[in-house]
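Below is one structure, written out as C-alpha cells, with a few remarks after it.
Model, not experiment: these values are computed from the prediction. Throughout, a chain's letter reflects where its sequence line sits, starting with A, and its residues are numbered from 1.
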Amino acid sequence: MFLWLWVILIAAGLAPGVSRMVGSRGGWLLALVPAGVAVCLLQQWPAVVNQQNVSAAVDWVPSLHLMVSLRLDGLSLLFGLLVTGIGALVLVYAGAYLKGDERLGRLWMFLLLFMAAMLGVVLADNLLTLFIFWELTSITSYLLIGFNSDRPESRASALQALLVTGGGGLLLLPGLLLLGFAGQSFEISELLNHADQIQQHAFYGPMLVLILLGAFTKSAQFPFHFWLPDAMAAPTPISAYLHSATMVKAGVYLVARLHPVLGGTAEWFWMIAPIGTATMVLGAVLALRATDLKQILAYATISVLGTLMMLLGIGTEATLTAALVLLVAHALYKGGLFMMAGAVDHAVHQRDIRLLGGLRSVMPATCGAALLAGISMAGILPTFGFIAKETWYEAVGSQASVPYLVASVLSNIGLVAAAGMVCITPFFGRQTDAAQQAHEGGPALWGPPVVLGIAGFCLGLLPGPFSELLAAGSTAIAGQDVSVKLKLWHGVNAALLLSLLTLAGGFLLYWQRHRLAGVITATDRFMPWGPAGAYRWLLKSVNQLARGQTAILQNGYLRYYLLMMVGLTVFSVWMALGGELSSHLDPMPFDFRIHEVMLAGLILMSAVVAVRAKTWLLSVGALGIAGYAVAGIFVLFGAPDLAMTQFVIETLTVFLFVMAFSRLPDFRRLSSVHTRRRDALIAVVAGGTITMLLLFAMTVRSDHPISAYYAAHSVPEAHGRNVVNVILVDFRALDTLGEITVLSIAAIGVYSLLMLRPAARPGSTDSSGNEADDSSRGSAQRGN
Amino acid sequence: MDSVILKTAIRFLLPLLLLASVFLFLRGHNEPGGGFVGGLVASGAIALYAMTCSAAAARQMVRVSPRVLIGSGLLLALGSGLAPLFFGRPFLTGLWTTVTTASLGELHPGTPLLFDLGVYCVVTGVTLVFIFSLLEE
C-alpha cells in the first residue's frame, strides 16, 4: 500500500521532465500512474467487500510508539477510487487545458503531490498519519490555488484557503490528540473497540468540537464556507479535482471515518446536523445569486457538502448510506461540470452566464458533457444522481424529521435551477457575441467530462454491483453490518413524489429566474457583513496590530532597543526571584587582597571615565581598560581560558570601535537633562539588579555541580585535559555548533547593514574592496 | 592609518601572532587555548595588518574570502558531527584514533579537533567580515 503512495510521489517528481520532453500529451502518460493505482485498488475489491481489510504499517519513531499505518476498508476503497480515477482524468484534462504553457509540468507535479496526500488521508489508520496527510492536502491546495502567482487575487485566495483550512488543522490536531489519549491508542481500528469508553470520557465534548471544527473548515461548512468560492481563482482542472471531487470531501471523510467512534450521541447530532443543514440551504441560495459558471458550481458544491454533513449528523444507517451514494454521485457530476466550465472558459474566455448563450452549435461535445452531468445534478432518471436523491429523501423522510426534509427539498430545488443555469443557459438560446468566436477544444478537453457523465449514467442504470462496495463503505461508517440494495426504480412512493416536486420547483425557479434579480440586488448590501467580511476584518486587524507593535518595539532607535532589553531583563529578574534576591544576601566577609581591590577600583574608574568622556577615543579606551581589568580578575580567580579570550575580545572590540567611530564627530550632548537622569536611574537599577543576582547565585550552588562530572570524564572520554575546551568541542558541541551558526548569521547581518546600503553599492567608495573580494574569491576557487 | 612604526613592526608581529594563534588552537585540548581564542588572535593579527596597510592588502594576504571561511568552517563543524552517524553513533559523538609518533609520543586526534578547526574558521571569518566591512565602508 505504501508502494501506491510512492509511485504517485515519484510520478510527481518526474512530471516537470515529462512536460519538457513530451509536452501536453504527457498527461496521458502520467495518467497511467493513478489509473494503475486504481486498478490495484480494484483488485482489493473482493477482499474488502468480504470485510477482509488490508493493512500495512511501518515504525516511524519506535521509542515514542509512533507508527505510520494504512488500512483499506470499504470507505477507503471508495474514496481511493474517486481520488485516483478522477485524478487520472484530471491529469489528461490539465494537459489540454494548459497546452503550450511552460508551467504545465508544475501543475502536474502539484496535482500528483496532492493526489498522494489525499490518498494518504483516506488510507491512514493512524490518527497522526492522517493528520500529516491532511495538512499536506492543505499545503498542496495552497500551491494549486495560487498557481497563477502573478495575480494578487490568486495569492489572496490561496492564503485565505490556507489560513482557514490550516487554522482548522490547528484545532484538529489537539482534537485528535485528545481522542488518542481518551482511547489510549492512535490507531483508528483500535479506537473502534473503545467507543463507549471514549464517549464517557471527560474529553469527549472538547475533542468533538475541535475535530469537527477541523472537518468543517476543510469541507467549507457555514460559517467557513467563504474560502471555497474564492478558491475558484485556481485553474479549472484544480477546481474540478480538489474543490469539488476530493479535498473538500476530506472533512466529510473524517466525520464519516470517526462516526463509529464518536457518533451516535446527542452532541454529535446537534453539532453536525444543524450546521450541515444551514450550509446546504445557504449554498443553494448563494448558487442562485452567482453569475460566474465556476462560482455557481462552487456554491452548489458547498450545498452538497452541507447535505453530506447533515446526513452524517443524523447518523442512521439509511442516512449514512445515502451520504455515501450522494458523495459518489456528486463527485462524478461535479467533476464533469467543472471540466465543462473550464472547456467553455478555454474556448470563449468568458464564464459569466449573462454573456454566454447558443454554444450548442459550436461546441457540441462540451454541450453533451454538460447535459450528461446536468441531468445527474438535477437528479433526473436514469442517472446515479437520481438514485442519490431518492435514497436521501427516503433516509431523511423515514426519520420523520420534517424540518430536515423540507430544507432538503428546498435546497434541491435551488440546485435544479442552478443546474439549469450552468448546463442550459450557456448552450441554448440566442448565440451571444462572445460565443461566436468559440470553437471546440480537443478530445482531451471534452473527453474526461463525458467519461464522468457516462459513468454517472452507467451507475444509475446498473447500480447492482456497486451496491456491495457501498455496503462495505456504509459498514465502515456505521460500525456495524449494513446491507445496501440500490435500485433505479423504487415504484411510486413518497420519495418519488418529492423528487417530482423538486424538479417542478426547480424548473419553475429556472424559468422565472429573472424575477429573482430584484431580490438579489436587495440583499447585496448585507454581503459585506458575512463571514468573508469577518475574515477580511480579522486579517486587517492582525496586520494593523502587527504594524502598531512593530512601530513601538522595532522603531529603529538603538537607544530604545537597549532600554527595552535592559528594562525587560531587570523586570523579569525581579518578577521571577522577587523577595528572594534580597533575603538571601549574606554579608560578605571583607578579606580582599590589595590587588583585587585595585582591579575593582580600576573597573569603576574606567566606567566613570567612559560615561563622562567628551571624545569617543577616550570613551573607547576607557571601556577597553574596564574589559582588561575584568579579564585580570578572571586570571586572579583561576580561569585562564576565559581571561585569554576576554583579552583578545577586548582588543578586537577596541579595534572595531576605533574603525567605526573614526568617521563620526565627537560626542555631542543632544539629550535633555531629564532623559539623562532617566537613563542614569535605569543604569543604576540594572547594575544593582545584576550585582544582587550574582551574589544570590553564589548562595544557591547545587550540591552536585555538573563541573565535577565534566572534570572526571574529560580525560578518559574526550582525551583532553582542558575541561573548558572539551566542553566546548565535545560534551556540549551542539551548543557550540548553534553558537557559531548564530555568529555566521550575525556576520551576514553586519555585512548587509554596512555593504548593501544604496550608498555602498559598487561604483561608490568601496569599489576597490569589491574587486579585492572578487579576486580573493577567484583565488579560493583556484585553490579548490 | 599611516604609521612608520606600525608598518615596520607588523612585518614581525604578523607572523608571530599567526603562529601564536595556531599554537593556541593546537594546545587547546590540554592547556588553555582552543579554536575560539585561536581564531580571535588570528583575526586580531589580520585586523592589525589591515589597519596598518589597507583592507585590500589584507584581503589579498588572506587569499580566501571571509565568506568562504565561514561557510567551510560551518561545514567542517557539521561534517565532524555527522561523521559518527556513519558508524552508528549519535550525532556529534567524538571519534578517536591513536597515532604514535617518534617525537611527540602518543597522540589522540579525533573529530573534535576537526570541529574545533571549524570553530576557528568561523570565528576568523566572522571577525574578518566585521573588520573589512567597517574599513571598506
For the candidates A/S714, A/P640, A/A639, A/A733, which exhibits the highest count of non-hydrogen atom pairs separated by less than 4.5 Å from chain B?
A/A733
Most chain B-contacting option - heavy-atom pairs closer than 4.5 Å, from A/L734, A/V715, A/T651:
A/L734
Check each atom of [X] against the heavy atoms of chain A and say whether the ones under 4.5 Å are side chain, backbone, both or neither.
| X | answer |
| --- | --- |
| B/L48 | both |
| B/L128 | neither |
| B/S54 | neither |

Looking at [atom1] of [X] and [atom2] of [Y], how far apart are the two atoms once the value is rounded to the nearest 0.5 Å?
| X | Y | atom1 | atom2 | value |
| --- | --- | --- | --- | --- |
| B/M51 | A/M659 | CE | CE | 5.0 Å |
| B/L135 | A/F655 | CG | CZ | 10.0 Å |
| A/L652 | B/I131 | CG | CD1 | 5.5 Å |

Does anything in residues 629-646 of chain A pair up under salt bridge (Lys or Arg N to Asp or Glu O under 4.0 Å), and if so which pairs, sequence neighbours excluded?
none
Under 4.5 Å from a heavy atom of chain B, the part of A/L642 involved
neither
Picking from [options], which has the most non-hydrogen pairs under 4.5 angstrom with chain A?
| options | result |
| --- | --- |
| B/F130, B/F91, B/F36, B/F115 | B/F115 |
| B/V62, B/L40, B/V41, B/L113 | B/L40 |
| B/T93, B/L24, B/V122, B/T111 | B/V122 |

Using a 6.0 Å cut-off, check whether atom [atom1] of [X] has over 12 heavy atoms from anything other than its own residue.
| X | atom1 | value |
| --- | --- | --- |
| B/M61 | CE | yes |
| A/L694 | CG | yes |
| B/W96 | CH2 | yes |

For residues 69-77 of chain B against chain A, heavy atoms under 4.5 Å, the residues are B/I70, B/L74, B/A77
Please, which pairs that meet side chain to side chain donor-acceptor pair (under 3.5 Å) have at least one residue in residues 727-747 of chain A, sequence neighbours excluded?
A/R732-A/D735
Pull out the residues in residues 619-635 of chain A that come under 4.5 Å of chain B, heavy atom to heavy atom, sorted by number.
none
So which of B/D116, B/V119, B/N30 actually passes side-chain contact (heavy atoms from CB on, under 4.5 Å) with A/N725?
B/D116
Main-chain N/O of B/G28 paired with A/N722 side-chain donor or acceptor, under 3.5 Å
yes
